[in-house]
Amino acid sequence: MSTILRSEPLAPECGVTVHDVQLAEAEGETLDAIRQAVFEHGVAVFRGQSLSPEQHIDLAKRWGGIDINNYFPLTDTHPEIAVVRKAAEQQTNIGGAWHTDHSYDQVPAMGSILVARTLPPKGGDTLFAHMGAAYDALDEDTKREIEDLEAFHTADHVYKEGGIYARTDIGGELRGQDLQTGATHPVVVRHPRTGRKLLYVNPSFTVTIVGRSREDSLPLLERLFAEARNPDHHARVVWEPGTVAIWDNRTTWHNALNDYQGHAREMHRITLTGEKLAA
Ligand code: OGA
Ligand code: MN
């Protein structure tokens, strides 16, 4: 843990809660320490924040570049901010399965800054899984087996016309149905900043091992997913008014729990630019 930040683990293998920081003012060595904490622990939680949309954007700019999301609705006034929203009468939520944002991009987004705006009375937590811990827990034979493999990622089956979301009651709000995506990445990547080995496949967007059919890819992919699904590697973010989470898409998977039917939930997300990934 950093000496600059007062922080404590969110769970034994994943996540960190950072105290005594107002993100609206974070810069310099404080922001450097926050970046390092996010890269290492995968997700950092900050309580009692007050971040206006402008301050949210300024924080993301101080962090690095902003990627504009191609699919989620954008706020009318701030195109940098994507709205992750479920209305009280909607059944389906955004991100309600284990996934890694933007793994279908050639240069996947580094992560996101998610700000809680409207919360249900209870539920709507977000789970995170640490992919360094998941990798470490694989047996040595599996580690050898996946060492030089690459996998193909796409979002077409999720967001395209006729895709998973189009068949739900949030399909009408999403954009980008005509986009085509696809990228190959090593199955095991090295974190560009920490150097830690991370399992970089996920059940939502990774469809094949390069050179294999879908059918021949599934047994190995399922074995890898099973390790990442082990709750030992997980942390749970319980949102409160004023909670902000910053996560790293390389270090973690996440899963937005959809256990608050009949209530609205709205989050503001800014996606942070990443870099090309390598083994
Ligand atoms: C996302 C996402 C999680 C949540 O914004 O990428 O998956 O808890 N959201 O809303
Ligand atoms: Mn997501």
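Predicted model only: the values in this text are computed from it and were never measured. Indexing begins at 1, ligand by ligand and atom by atom, following the structure's order.
Distance from atom 8 (O) of ligand 1 to its nearest protein heavy atom, with residue and atom name: Thr126 OG1, 2.5 Å. When hydrogens are left out, the protein atom nearest atom 3 (C) of ligand 1 is Ala256 CB, 3.7 Å; that is the closest non-hydrogen contact. Remark: minimum distance from atom 2 (C) of ligand 1 to any protein heavy atom is reached at His254 NE2, 3.6 Å. Of all protein heavy atoms, the one lying nearest to atom 10 (O) of ligand 1 is Arg265 NH1, 2.8 Å. If you check which protein heavy atom lies closest to atom 6 (O) of ligand 1, you get Arg269 NH1, 2.5 Å. Looking from atom 9 (N) of ligand 1 to the surrounding protein, the closest heavy atom is Val84 CG1, 4.1 Å.
Annotation for ligand 1: atoms under 4.0 Å from non-hydrogen atoms of Asp101 are 6 (O). Heavy-atom contacts of His99 reach the following atoms of ligand 1: 7 (O) (cutoff under 4.0 Å).
In this model, no donor atom of one side chain and acceptor atom of the other lie less than 3.5 Å apart for Glu80 and His56. No side-chain donor from either of Glu40 and His191 sits under 3.5 Å from a side-chain acceptor of the other. Counting only N and O atoms by type, the side chains of Thr92 and Asp169 include a donor and acceptor under 3.5 Å apart.
Screening Glu145, Glu140, Glu147 for a salt bridge (Lys or Arg N to Asp or Glu O under 4.0 Å) with Lys143, the sole residue that qualifies is Glu140.
If you look at Asp101 and ask which of its N, O or S atoms sits nearest the Mn ion (ligand 2), the answer is OD1.
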Between Asp248 and Arg193, is a salt bridge (charged side-chain N to carboxylate O under 4.0 Å, His left out) present by the stated rule, with each step listed? CA-CA 11 Å; Asp248 183 324; Arg193 302 304 165 93; over 6 Å; no
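Salt-bridge formation is detected for the pair Arg144/Asp141: a Lys NZ or Arg NE/NH1/NH2 atom is positioned less than 4.0 Å from an Asp or Glu carboxylate oxygen.
Between the SG atom in Cys14 and the NE2 atom in His41 there is a gap of 10.0 Å [rounded to 0.5 Å]. Annotation: the span from Arg35 atom CZ to Arg62 atom CZ amounts to 10.0 Å, rounded to 0.5 Å.
Between Trp247 and ligand 1, not a single N/O pair is under 3.5 Å apart. Taking any N or O of Trp239, backbone or side chain, none lies under 3.5 Å from an N or O belonging to ligand 1.
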